[in-house]
Asks: 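Quick one: the structure is below, questions incoming.
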Amino acid sequence: MAKLDILTYPDPRLHKVATPVAVVDDRIRQLVADMAETMYEAPGIGLAATQVDVHERVIVIDVSESRDGLMVFINPEIVWASDNRKVWEEGCLSVPEVYDRVERPDRVKVRALNERGETWEIDADDLLAVCIQHEIDHLDGKVFVEYLSPLKVNRIKSKLQKRVRSRM
């Protein structure tokens, strides 16, 4: 396994729309393993392939306290979303040290493939529902800060660009 580099907002590659995975093969299984290792080491609770500059529809998530509940979503699609909405404070490995409140449906039903290429579905609520929606947004080229006001987005961009320049 290999730890992958995570793209940082406002990197334009975070806005690429991921393409569906045609075949779940050893290459995809290796990507899943590498993404899981990267997510756990970061540490985070979810990671989309887009965040590691692979523009295919693959997500790994683990919202368990014990960090042993890895879920793999290949070609995920939300097949149902609740009309009820809830506000959660979100953060992102691609937007380090930035947290803000985002409103999303409080429950979703998701269909995806697992790492063996088998179709599975899950009814998710609470943190898992938020995480799934957040990661699917990444696959669609959207970063959570884009739900915020333009003023906040510009402040976040400036802050992260300054951080990058100070490391050079």
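Numbers here simply count residues along the sequence, with the first being 1.
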Asks: Just how far is it from atom CD1 of Ile28 to atom CG of Asn75, taken to the nearest 0.5 Å?
Replies: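 Between Ile28 CD1 and Asn75 CG, I get 8.5 Å after rounding to 0.5 Å.
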
Asks: As an exercise, state the distance from CD1 of Ile74 to CD of Glu56, rounded to the nearest 0.5 Å.
Replies: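 These two atoms lie 9.5 Å from each other.
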
Asks: Between atom OG1 of Thr50 and atom CD1 of Ile6, what is the distance when rounded to the nearest 0.5 Å?
Replies: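 The CD1 atom of Ile6 is 12.5 Å from OG1 of Thr50, to the nearest 0.5 Å.
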
Asks: Taking transitive links into account, so neighbours of neighbours count too, which hydrophobic residues share a cluster with Val110 at under 4.5 Å side-chain distance?
Replies: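 In the cluster with Val110 are Ile45, Ile59, Ile61, Val63, Met71, Phe73, Ile78, Trp88, Val108, Trp120, Ile122, Leu127, Leu128, Val130, Ile132, Ile136, Leu139.
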
Asks: Are there more than 12 heavy atoms of other residues, nucleotides or ligands under 6.0 Å from atom CZ of Arg155?
Replies: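 Atom CZ in Arg155 is not packed in, count stays at 12 or less.
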
Asks: Return each pair, listed once, that meets salt bridge (Lys or Arg N to Asp or Glu O under 4.0 Å) where at least one residue sits in residues 92-102; pairs must be two or more places apart or across chains.
Replies: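 Non-adjacent pairs meeting salt bridge (Lys or Arg N to Asp or Glu O under 4.0 Å): Glu97-Arg163, Asp100-Lys152.
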
Asks: Would a distance-only check, ignoring hydrogens and angles, find a side-chain to backbone donor-acceptor pair under 3.5 Å from Thr38 to Leu4?
Replies: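 Checking the backbone N and O of Leu4 against the side chain of Thr38, a donor-acceptor pair under 3.5 Å is found.
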
Asks: Who are the salt bridge (Lys or Arg N to Asp or Glu O under 4.0 Å) partners of Arg107, not counting sequence neighbours?
Replies: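 Counting only residues at least two positions away or on another chain, Arg107 forms no salt bridge (Lys or Arg N to Asp or Glu O under 4.0 Å).
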
Asks: Mind checking salt bridge (Lys or Arg N to Asp or Glu O under 4.0 Å) for Asp106 and listing every partner two or more places apart, or none if nothing turns up?
Replies: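 For Asp106, no residue satisfies salt bridge (Lys or Arg N to Asp or Glu O under 4.0 Å) once neighbours in sequence are set aside.
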
Asks: First locate atom CG of Leu47, then atom CD of Glu41, and finally report the distance between them rounded to the nearest 0.5 Å.
Replies: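 Between Leu47 CG and Glu41 CD, I get 12.0 Å after rounding to 0.5 Å.
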
Asks: Could you name each residue pair satisfying ring pair (Phe, Tyr, Trp, His ring centres under 6.0 Å) that touches residues 16-68, not counting sequence neighbours?
Replies: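 Applying ring pair (Phe, Tyr, Trp, His ring centres under 6.0 Å) to every pair that reaches into residues 16-68, excluding sequence neighbours, yields nothing.
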
Asks: With distance as the sole test, does Ser94 use its side chain to make a donor-acceptor pair with the main-chain N or O of Tyr9 at under 3.5 Å?
Replies: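 Flag not set: sc Ser94 to bb Tyr9 has no pair under 3.5 Å.
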
Asks: Minimum heavy-atom separation for Ala124 and Ala129, please, with both atom names.
Replies: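 Scanning both residues completely, I find the closest heavy atoms to be O-CB, 3.6 Å.
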
Asks: Under 4.5 Å between side-chain heavy atoms, hopping through other hydrophobics if needed: is there a path connecting Leu31 to Val72?
Replies: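 Looking at the clustering, Val72 is in the same group as Leu31.
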
Asks: Flag the pair Leu160 / Pro96 as yes when at least one side-chain heavy-atom distance between them is below 4.5 Å, and no otherwise.
Replies: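 Yes, side chains in contact.
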
Asks: Side chains of Met35 and Val54: does their closest heavy-atom pair fall under 4.5 Å?
Replies: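 No, their side chains stay 4.5 Å or more apart.
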
Asks: Can you tell me if Glu37 uses its side chain to pair, donor with acceptor, with the backbone of Ala33 under 3.5 Å?
Replies: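 Not a single qualifying donor-acceptor pair exists.
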
Asks: Taking a hydrophobic cluster as the set of Ile, Leu, Val, Met, Phe, Trp and Tyr residues connected by side-chain heavy atoms closer than 4.5 Å, whether directly or through intermediates, do Val52 and Val143 fall within one such cluster?
Replies: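 Val52 does not cluster with Val143.
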
Asks: Test of understanding: with salt bridge (Lys or Arg N to Asp or Glu O under 4.0 Å), list the residues that count as partners of Glu65, not counting sequence neighbours.
Replies: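 For Glu65, no residue satisfies salt bridge (Lys or Arg N to Asp or Glu O under 4.0 Å) once neighbours in sequence are set aside.
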
Asks: Compare every heavy atom of Lys157 with every heavy atom of Pro10, then report the nearest pair and how far apart it is.
Replies: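 Of all heavy-atom pairs spanning Pro10 and Lys157, the closest is CB-CG, 4.0 Å.
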
Asks: Mind checking whether Gln51 and Leu7 have side chains closer than 4.5 Å, heavy atoms only?
Replies: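 Result no, sub-4.5 Å side-chain heavy-atom pair not found.
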
Asks: What pairs meet the ring pair (Phe, Tyr, Trp, His ring centres under 6.0 Å) rule with one or both residues in residues 127-168, with sequence neighbours excluded?
Replies: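 Checked against ring pair (Phe, Tyr, Trp, His ring centres under 6.0 Å) - neighbours excluded - the pairs reaching residues 127-168 are His134-His138, His134-Phe144.
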
Asks: Honestly curious: do Val153 and Val98 fall in one hydrophobic cluster under the side-chain, below-4.5 Å linking rule?
Replies: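 Yes; tracing contacts between hydrophobic side chains, which count when under 4.5 Å, links both residues.
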
Asks: Can you sort out the partners of Asp83 under side-chain contact (heavy atoms from CB on, under 4.5 Å), two or more places apart, ordered by chain and number?
Replies: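 side-chain contact (heavy atoms from CB on, under 4.5 Å) check on Asp83 returns nothing, list empty.
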
Asks: Which pairs, with at least one residue in residues 110-122 and sequence neighbours excluded, count as a salt bridge (Lys or Arg N to Asp or Glu O under 4.0 Å)?
Replies: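 Qualifying pairs, neighbours excluded: Glu77-Arg111, Lys109-Glu121, Arg111-Glu121, Arg116-Glu118.
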
Asks: Within a strict 4.5 Å, meaning less than it, do heavy atoms of the Leu113 and Val21 side chains meet?
Replies: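 Counting from C-beta outward, Leu113 and Val21 never come under 4.5 Å.
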
Asks: Where is the tightest heavy-atom contact between Ser64 and Gly69, given as atom of each residue plus distance?
Replies: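 That closest heavy-atom pairing would be OG-N, 3.3 Å.
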
Asks: Which pairs with one or both residues in residues 9-26 pass salt bridge (Lys or Arg N to Asp or Glu O under 4.0 Å), sequence neighbours excluded?
Replies: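 Passing the test, one end in residues 9-26: Asp11-Arg13, Arg13-Asp53, Asp26-Arg29.
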
Asks: Taking C-beta and beyond as the side chain, do Glu90 and Gln133 meet within less than 4.5 Å on heavy atoms?
Replies: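 SC-SC contact between Glu90 and Gln133 ruled out.
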
Asks: With sequence neighbours excluded, give me every salt bridge (Lys or Arg N to Asp or Glu O under 4.0 Å) pair touching residues 135-145.
Replies: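 Listed once each, the pairs are Arg57-Asp140, Arg104-Asp137.
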
Asks: Among all residues two or more places apart in sequence or in another chain, which pass the salt bridge (Lys or Arg N to Asp or Glu O under 4.0 Å) test with Glu103?
Replies: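 So Glu103 forms a salt bridge (Lys or Arg N to Asp or Glu O under 4.0 Å) with Arg85.
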
